[in-house]
Amino acid sequence: MTLLSPDVDERTSARTDSPWVTVVWDDPVNLMSYVTYVFQQHFGFGRDKAERLMHQVNDEGRAIVATGPREAMEAHVQSMHGYGLQATVDKAPEA
């Protein structure tokens with residue numbers, strides 16, 4: 001049996017290893033065709049998946065486009081900003 005130090009919160013410890021997500025947000029500037037292009041070029045998505053995610057951004061206001069370690073998601077966000085898209089990093093939703 002492993003004992004945790006009394007000052008370690010198990011809930012916090014468990015969440016630090018949880019995955020993170022890259023969220024792309026809708027904006028009034030970029031064309032849907034351009035967003036599809038960015039998803040294909042940067043993430044390597046096929047046209048169908050890129051279009052599905054683009055429609056989710058357009059219709060729901062946001063889409064989760066990647067999941068993984070925080071550092072990788074931050075790199076994706078920086079890339080999305082470089083393409084002129086609005087994106088953020090967030091904790092992955094709990095299943």
Side-chain angles (χ1 to χ4, degrees):
M1 179 165 90
T2 304
L3 296 176
L4 292 176
S5 169
D7 59 343
V8 173
D9 184 344
E10 290 181 46
R11 293 168 296 167
T12 303
S13 296
R15 282 197 311 255
T16 58
D17 291 339
S18 65
W20 293 78
V21 294
T22 298
V23 180
V24 173
W25 298 88
D26 191 23
D27 66 55
V29 177
N30 292 297
L31 297 174
M32 292 188 291
S33 58
Y34 178 68
V35 175
T36 300
Y37 166 80
V38 170
F39 290 168
Q40 288 178 290
Q41 291 300 306
H42 179 75
F43 295 104
F45 296 151
R47 184 169 189 82
D48 289 343
K49 183 173 184 174
E51 286 182 348
R52 181 177 53 78
L53 288 169
M54 174 275 298
H55 282 294
Q56 187 177 0
V57 169
N58 188 60
D59 299 343
E60 298 175 24
R62 60 174 279 195
I64 294 173
V65 296
T67 303
R70 184 175 183 154
E71 294 78 17
M73 298 306 99
E74 289 173 349
H76 286 317
V77 166
Q78 290 297 319
S79 293
M80 293 300 98
H81 292 171
Y83 283 106
L85 301 182
Q86 296 178 13
T88 57
V89 173
D90 201 358
K91 287 187 180 178
E94 294 188 26

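Please read all numbers here as calculations on a predicted model, not as lab measurements.
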Visitor: Does any pair with a residue in residues 44-73 pass ring-ring contact (aromatic ring centres under 6.0 Å, His included), and if so which ones, sequence neighbours excluded?
Guide: Phe43-Phe45
Visitor: Under the side-chain hydrogen bond (donor to acceptor under 3.5 Å, both in side chains) rule, collect the residues that match up with Arg47, sequence neighbours excluded.
Guide: Glu51
Visitor: Please list every donor-acceptor pair under 3.5 Å in which a side-chain atom of residues 79-87 meets a protein atom from a residue at least two apart or in another chain.
Guide:
from: Ser79; atom 1: OG; to: Ala75; atom 2: O; distance (Å): 3.2
from: His81; atom 1: NE2; to: Ala87; atom 2: O; distance (Å): 3.0

Visitor: With rounding to the nearest 0.5 angstrom, report the CH2 to CG distance, Trp20 to Asp90.
Guide: 7.5 Å
Visitor: Hey, what else clusters with Ile64 if you join Ile, Leu, Val, Met, Phe, Trp, Tyr whenever side-chain heavy atoms sit under 4.5 Å?
Guide: Val21, Val23, Trp25
Visitor: Looking at every non-hydrogen atom in both residues, tell me the closest pair between Ala50 and Gln40 and how far apart they are.
Guide: CB-CG, 3.6 Å
Visitor: Can you name the ring pair (Phe, Tyr, Trp, His ring centres under 6.0 Å) partners of His42, sequence neighbours left out?
Guide: His76
Visitor: Please tell me whether Val77 and Val65 are part of a single hydrophobic cluster in this structure, the criterion being side-chain heavy atoms less than 4.5 Å apart.
Guide: no
Visitor: Could you tell me which residues satisfy salt bridge (charged side-chain N to carboxylate O under 4.0 Å, His left out) with Arg70, sequence neighbours excluded, listed by chain and number?
Guide: Glu74
Visitor: How long is the gap from OG1 on Thr67 to CE on Met73, to the nearest 0.5 Å?
Guide: 6.5 Å
Visitor: Just verifying a value: how many Å separate Met54 CE and Asn58 CG, rounded to the nearest 0.5 Å?
Guide: 7.0 Å
